[in-house]
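Worksheet: one structure, shown below.
Values in this document were obtained by computation on a predicted structure and should not be read as measured data. The sequence lines fix the lettering, A, B, ..., with proteins before strands; numbering per chain opens at 1. Just so you know, these numbers use all the heavy atoms, side chains as well, and skip hydrogens, waters and symmetry mates.
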2 protein chains.
Amino acid sequence: MAITSPRAALKRAELAGRLGCNLETIRYYEKIGLLPEPARTASGHRLYSNGDQVRLRFILRARSLGFSVEDVRSLLGINDGRPSCADVKALAEAHRGDIRKRIADLRQMDRRLGEIMAGCTGAETPDCALTDNLFEDR
Amino acid sequence: MAITSPRAALKRAELAGRLGCNLETIRYYEKIGLLPEPARTASGHRLYSNGDQVRLRFILRARSLGFSVEDVRSLLGINDGRPSCADVKALAEAHRGDIRKRIADLRQMDRRLGEIMAGCTGAETPDCALTDNLFEDR
DNA sequence: CTTGTGTCTGTGCCAACTACAGAGCGTAAC
DNA sequence: GTTACGCTCTGTAGTTGGCACAGACACAAG
């Protein structure tokens with residue numbers, strides 16, 4: 001196989017390797033319609049163009065920012081046509097609100113856990129402040 | 001002489017209502033072995049004792065602290081017998097580390113999103129700094 | 001007796017992948 | 001030529017932690 005030139009068609013594992021995603025993820029995105037059906041060799045092996053690579057990179061970046069697959073669908077204009085900057089901004093603001101709520105929830109968990117663990121001695125006995133607290137009749 | 005308090009047995013919906021969980025969650029916890037099979041009426045309706053209620057409350061509290069179902073299984077001593085305080089502490093510390101990692105990940109997402117959104121004007125045009133950024137050839 | 005509500009069971013569905021089985025294809029060595 | 005190995009193909013099932021529904025049965029009120 002030739003050294004990877006920018007426009008050479010890639011096989012599935014090559015594309016996955018370049019973008020650092022799992023092999024099967026690519027087939028999954030194709031199945032759910034985020035990626036178009038790629039070209040094929042005569043025997044049916046998938047061949048990915050440079051455009052396919054650009055699109056997959058977009059999807060992976062959006063996912064790494066926490067956007068859901070449905071969000072990515074919107075960002076790509078699959079749902080209602082290409083979104084305006086206002087649409088994108090609204091989506092991103094909503095997503096950011098969601099992230100912040102999740103952070104707040106996790107912080108509360110951490111705080112509660114810290115309070116409960118304060119009495120946890122780490123002894124070798126079955127008596128434990130943490131389990132006692134959860135069993136407590138409040 | 002009755003030793004246990006003569007609290008009435010609860011039906012599934014009553015138990016769910018009291019502890020504020022979904023009806024089906026109870027059946028699910030029974031199915032995966034977190035809750036024991038409860039008593040039944042002659043016709044097969046489940047009847048929950050006070051002990052069942054205590055155990056379910058424990059499970060729900062542990063879950064609300066973010067412990068996984070497998071963690072709860074360990075806390076209840078289903079896996080390897082009743083855990084020592086040291087076991088519980090180790091489990092809780094590991095879980096806390098996990099929570100903190102998730103917080104850190106979410107904060108990074110929020111920060112990256114904020115940086116990318118800085119150029120997002122909210123205009124009615126399809127040109128958007130956010131999508132441009134994700135498509136960028138870096 | 002009928003009507004309405006509750007419970008029973010099994011099953012399917014959700015996100016977002018990941019893994020695997022069994023078949024076929026490609027290529028390098030021998 | 002063929003044999004071996006590795007990659008790809010397909011469909012399907014598993015993951016986590018439940019929620020929802022269909023169709024059958026139970027039970028209490030009127």
Atom [atom1] of [X] to atom [atom2] of [N]: distance rounded to whole Å?
X	N	atom1	atom2	result
Leu15(A)	dT8(D)	CG	C1'	14 Å
Leu60(A)	dC17(C)	CG	C1'	12 Å
Asp71(A)	dA16(C)	CG	C1'	13 Å
Leu65(A)	dA16(C)	CG	P	14 Å
Tyr28(A)	dG11(D)	OH	C1'	16 Å
Arg63(B)	dT16(D)	CZ	C1'	9 Å
Asp98(A)	dA15(C)	CG	P	15 Å

So, [X] and [Y], do they make that salt bridge, N to O below 4.0 Å?
X	Y	value
Arg82(B)	Asp87(B)	no
Glu70(A)	Arg73(A)	yes
Lys31(A)	Glu37(A)	no
Arg27(A)	Glu30(A)	no

| Nucleic acid footprint by protein, nucleotides 7-12 of chain C - heavy-atom cut-off 4.0 Å, B for base, S for sugar-phosphate alone | SSBB--
| Under 3.5 Å, is there a donor-acceptor pair between the side chain of Asp105(B) and the main chain of Arg102(B)? |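 No, Asp105(B) side chain to Arg102(B) backbone: no donor-acceptor pair under 3.5 Å.
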| message | For a quick check of understanding: with a heavy-atom distance under 4.0 Å over all strands, which category does Thr41(A) fall into, base, sugar-phosphate or nothing? | response |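 Counting heavy atoms under 4.0 Å across all strands, no contact is made by Thr41(A).
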N or O in side chain of [X] less than 4.0 angstrom from [N] OP1/OP2:
X	N	result
Asn22(B)	dC19(D)	yes
Tyr29(B)	dG17(D)	no
Thr25(B)	dG17(D)	no

| query | Taking the nucleotide of DNA chain D with the closest heavy atom to each, which residue, Ala42(B) or Phe67(B), is nearer the 5' end? | reply |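 By nearest-heavy-atom nucleotide position, the 5'-most residue is Phe67(B).
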| message | Within this structure, what is the CG-NE2 distance for the pair Leu113(B) and His95(A), rounded to the nearest 0.5 Å? | response |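 Reported to 0.5 Å precision, the distance equals 5.5 Å.
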| said: Pair Arg12(B), Glu24(B) - check salt bridge (charged side-chain N to carboxylate O under 4.0 Å, His left out), show working. | reply: CA-CA 9 Å; Arg12(B) 192 150 60 103; Glu24(B) 295 297 298; 3.4 Å; yes
